[in-house]
Amino acid sequence: METFPKIISVDDHTVEPPNVWRDRLPSKYQDRGPRIVRAPLKEMTFLGGKFAPVMGSPGDDGPIGDWWVYEDLHRPLTRLDTAVGYSRDEIKLEIITYEQMRPGSYDVPQRLADMDVNHVQSAVCFPTFPRFCGQTFTEAKDHELGLLGVRAYNDWMVEEWCGPEAQGRLIPLTLIPLWDAELAAQEVRRNAARGVRAVAFSEIPPHLGLPSVHTDDWDPFLAACDETGTVIAMHIGSSSKMPSTSADAPPAVGSTITFANCCFSMVDWLMSGKFERFPNLKVMYAEGQIGWIPYILERADVVWEENRGWGGVADKVHRPPSELFAEHVYGCFFDDAFGLKNLDAIGVPNVLYETDYPHSDSTWPKSREVGEAQMGHLDADVVDRIVRRNAIDLLGLTEDGLWAGPGGAR
């Protein structure tokens with residue numbers, strides 16, 4: 001392409017600096033809140049979609065790495081958290097320290113520099129230690145501390161990660177206390193008041209022991225998102241259960257079918273009636289890719305048309321699911337040539353671009369080249385919509401593609 005628009009990535013990641021919670025939690029929680037400990041690795045496996053690390057004791061044999069310690073949780077930093085800058089053959093499931101990762105993973109100026117290298121103007125970043133929708137705090141024993149942990153993360157996200165140093169180029173994505181929909185609604189409104197327009201949520205809440213979107217339990221949270229224009233962002237793996245086929249299936253099996261959870265989740269939402277009850281609601285699927293969407297919409301429409309009388313949706317879904325999709329759902333991709341060849345069946349306004357920095361799947365530092373190769377058959381205005389304009393409209397960014405909240409674009 002002669003020109004390629006500056007990218008607005010709707011799915012990148014931050015590796016939280018060690019002091020995020022140390023600096024923000026009350027002193028009585030310093031020894032129980034999230035903190036970094038350097039310790040050896042005893043063992044670590046990742047099979048059947050289940051990640052199982054075991055921290056060793058001081059003096060034990062094994063590679064040394066940095067661990068997040070929180071209540072009974074011991075979670076190491078791994079090469080998969082931050083793989084950019086390494087060749088594919090060097091990216092293995094191994095424990096690392098902060099010194100062994102690319103500084104752009106956790107440092108704002110370094111992140112902006114890496115975005116410049118990658119033709120990226122602005123980026124939305126999902127968490128690492130809290131997991132993709134704050135499951136870490138939801139699973140904690142002490143929910144009073146968990147709520148403080150969620151709010152501390154959100155304050156850091158808005159005030160520091162997306163603060164003045166970021167020049168409006170980092171777009172905040174906040175968390176909610178998933179265990180309490182009323183508290184979640186309060187947190188949505190608290191952050192919306194300071195310009196936040198995206199909140200992380202689970203693709204399949206029942207996998208976390210939480211109510212499904214077919215219940216009324218989430219209505220206070222959904223009402224808050226509807227009223228404030230806050231987009232519900234769901235990342236693959238945000239149900240803490242990655243698709244797999246067996247307990248001994250290698251990670252490559254799950255990695256190939258990661259879109260499956262997005263597929264299941266989208267059908268849940270389309271058949272839930274929530275989009276008709278909350279007409280301003282918008283949801284997006286980060287890292288889910290888009291090539292699978294046309295068939296699911298076709299099948300959902302057939303089921304709605306032919307089977308809604310006995311299918312349990314006639315009284316709450318009054319329009320074809322494909323129409324609801326067009327108004328409420330966004331698919332996100334970073335490498336999906338097939339999906340781009342079938343845009344007419346998806347809808348150009350419903351597609352967003354991402355780079356997945358700094359994960360092992362990331363197209364950094366060649367996101368522009370990947371985009372040019374896969375979008376070369378598209379008109380320039382379509383490319384502009386996919387690469388930046390849709391994100392600007394969805395997230396309420398400035399015309400220049402920047403976040404204009406506190407500490408944002410000036």
Next on the checklist: Determine whether a donor-acceptor pair (N or O, by modelled atom type, separation under 3.5 Å) exists between the side chain of Asp379 and the backbone of Val382.
Outcome noted: no
Checklist entry - Can you find a heavy atom in the side chain of Arg111 that is under 4.5 Å from one in the side chain of Cys125? => result yes
Checklist entry - What are the two closest non-hydrogen atoms of Lys274 and Leu222, and how far apart are they? => result CD-CD1, 3.8 Å
Checklist entry - Does the Ser105 side chain pair with the main chain of Met101, one donor and one acceptor, at a distance under 3.5 Å? => result no
Next on the checklist: I'd like to know if the side chain of Glu182 reaches the main chain of Pro220, judged simply by a donor and an acceptor atom lying under 3.5 Å from each other, with no hydrogens or angles considered.
Outcome noted: no
Next on the checklist: Tell me whether Lys341 at atom NZ has more than 12 heavy atoms from other residues, nucleotides or ligands lying less than 6.0 Å away.
Outcome noted: no
Next on the checklist: What's the separation between atom CD1 in Ile204 and atom CG in Leu210, rounded to the nearest 0.5 Å?
Outcome noted: 12.5 Å
Checklist entry - With a 4.5 Å heavy-atom cut-off, do Cys162 and Met157 have their side chains touching? => result yes
Checklist entry - For the ring pair Tyr285 and Tyr330, is the centre-to-centre distance below 6.0 Å? => result no
Item to check | Pair Thr174-Val196, side-chain contact (heavy atoms from CB on, under 4.5 Å): steps then yes or no | outcome: CA-CA 8 Å; Thr174 52; Val196 176; 3.7 Å; yes
Item to check | Trp364 side, atom CH2; His359 side, atom NE2 - distance, nearest 0.5 Å | outcome: 14.5 Å
Item to check | Test side-chain contact (heavy atoms from CB on, under 4.5 Å) applied to Thr97 and Gln100, step by step | outcome: CA-CA 5 Å; Thr97 65; Gln100 292 171 300; 3.3 Å; yes
Item to check | Worked verdict on His235 versus His13 for side-chain contact (heavy atoms from CB on, under 4.5 Å) | outcome: CA-CA 11 Å; His235 195 284; His13 299 264; 3.2 Å; yes
Item to check | Lys366 backbone acceptor or donor facing Thr363 side chain under 3.5 Å | outcome: no
Checklist entry - Checking side chain to side chain donor-acceptor pair (under 3.5 Å) for the pair Thr128/Asp81: CA distance, chi angles, key distance, verdict? => result CA-CA 7 Å; Thr128 297; Asp81 293 326; 5.4 Å; no
Checklist entry - Would a line drawn from the ring center of Phe137 to the ring center of Trp179 be shorter than 6.0 Å? => result no
Checklist entry - Could you walk me through whether Asp361 and Arg88 pass the salt bridge (Lys or Arg N to Asp or Glu O under 4.0 Å) check? => result CA-CA 9 Å; Asp361 267 346; Arg88 295 304 194 207; 5.6 Å; no
Item to check | Side-chain donor/acceptor of Asn350 to backbone N/O of Val329, under 3.5 Å | outcome: yes
Next on the checklist: If you apply the rule side chain to side chain donor-acceptor pair (under 3.5 Å), what do you find for Ser246 with Asp248, and how did you get there?
Outcome noted: CA-CA 5 Å; Ser246 64; Asp248 59 350; 2.7 Å; yes
Item to check | Verdict with supporting geometry, Glu187 and Asn191, side chain to side chain donor-acceptor pair (under 3.5 Å) | outcome: CA-CA 6 Å; Glu187 193 62 14; Asn191 292 305; 3.2 Å; yes
Checklist entry - Do the two ring centres, one from Phe129 and one from Trp21, sit under 6.0 Å apart? => result yes
Next on the checklist: Using modelled atom types and a 3.5 Å cut-off, is there a donor and acceptor pairing between side-chain atoms of Asp180 and backbone atoms of Leu183?
Outcome noted: yes
Checklist entry - Does a side-chain heavy-atom distance below 4.5 Å link Tyr29 with Leu148? => result yes
Checklist entry - What's the verdict on salt bridge (Lys or Arg N to Asp or Glu O under 4.0 Å) for Glu399 and Arg388, showing C-alpha distance, side-chain angles and the deciding distance? => result CA-CA 10 Å; Glu399 285 298 308; Arg388 57 183 293 108; over 6 Å; no
Next on the checklist: Any heavy-atom pair between the side chains of Phe126 and Asp11 that's under 4.5 Å?
Outcome noted: yes
Next on the checklist: Counting only heavy atoms not in Asp72 (residues, nucleotides, ligands), do more than 12 fall under 6.0 Å from its CG?
Outcome noted: no
Checklist entry - Would you say Arg22's side chain and Pro18's backbone share a donor-acceptor pair under 3.5 angstrom? => result no
Item to check | Inter-residue atom distance Leu77.CG - Ile36.CD1, 0.5 Å rounding | outcome: 5.0 Å
Next on the checklist: Measuring from atom CE of Met115 to atom CD of Gln121, what distance do you get when rounded to the nearest 0.5 angstrom?
Outcome noted: 8.0 Å
Item to check | Selection residues 79-98 - residue pairs positive for ring-ring contact (aromatic ring centres under 6.0 Å, His included), sequence neighbours left out | outcome: Tyr98-Tyr106
Next on the checklist: Do Arg75 and Met55 have side chains that approach each other closer than 4.5 Å (heavy atoms only, starting at C-beta)?
Outcome noted: no
Next on the checklist: Using a 3.5 Å distance criterion without hydrogens, assess whether the side chain of Glu16 forms a donor-acceptor pair with backbone atoms of Pro127.
Outcome noted: no
Next on the checklist: Please determine whether the number of non-hydrogen atoms from other residues, nucleotides or ligands lying under 6.0 Å from atom NZ of Lys6 exceeds 12.
Outcome noted: yes
Next on the checklist: Check Arg79 with Glu90, please: is the shortest side-chain N to carboxylate O separation under 4.0 Å?
Outcome noted: no
Checklist entry - Is there a side-chain contact between Pro109 and Asp107, using heavy atoms and a 4.5 Å cut-off? => result yes
Checklist outcome for this item: Per side-chain contact (heavy atoms from CB on, under 4.5 Å), Ile8 is matched among Leu397, Val124, Val120 by Leu397
Checklist entry - Between Ser265 and Asp268, is a side chain to side chain donor-acceptor pair (under 3.5 Å) present by the stated rule, with each step listed? => result CA-CA 5 Å; Ser265 174; Asp268 254 352; 5.9 Å; no
Next on the checklist: Using only atom types and a distance under 3.5 Å, with no angle test, would you say the side chain of Gln167 pairs donor to acceptor with the backbone of Pro164?
Outcome noted: no
Item to check | Test side-chain contact (heavy atoms from CB on, under 4.5 Å) applied to His119 and Glu369, Arg368, Glu372, the passing residue | outcome: Arg368
Next on the checklist: If we ignore hydrogens and angles and just use 3.5 Å, is the side chain of His328 paired with the main-chain N or O of Val283 as donor and acceptor?
Outcome noted: no
Checklist entry - Going by an N to O cut-off under 4.0 Å, is there a salt bridge joining Arg24 and Asp155? => result no
Checklist entry - When rounded to the nearest 0.5 angstrom, what is the spacing between CG in Asp301 and OG in Ser322? => result 3.5 Å
Checklist entry - Is there a donor in the side chain of Tyr357 and an acceptor in the side chain of Asp114, or the other way round, less than 3.5 Å apart? => result yes
Checklist entry - What pair of heavy atoms forms the shortest contact from Thr14 to Tyr153, and how long is it? => result CG2-OH, 3.9 Å
Checklist entry - For Asp226 and Leu281, which heavy atoms make the closest approach, and how far apart are they? => result OD1-N, 3.5 Å
Checklist entry - Going through the checks in order, is the salt bridge (Lys or Arg N to Asp or Glu O under 4.0 Å) test met by Glu327 and Lys282? => result CA-CA 8 Å; Glu327 295 176 9; Lys282 309 285 187 183; over 6 Å; no
Checklist outcome for this item: In this structure, CD1 of Ile95 is separated from CG of Leu80 (nearest 0.5 Å) by 12.0 Å
Checklist entry - Out of Glu165, Arg169, Glu160, which one pairs with Val108 under the side-chain contact (heavy atoms from CB on, under 4.5 Å) rule? => result Glu165
Checklist entry - Do Asp336 and Phe338 come within less than 4.5 Å of each other through their side chains, counting heavy atoms only? => result yes
Checklist entry - Can you list every salt bridge (Lys or Arg N to Asp or Glu O under 4.0 Å) pair that touches residues 58-68, not counting sequence neighbours? => result Arg38-Asp66
Next on the checklist: Could you tell me if the side chain of Val199 sits less than 4.5 Å from the side chain of Leu175, heavy atoms only?
Outcome noted: no
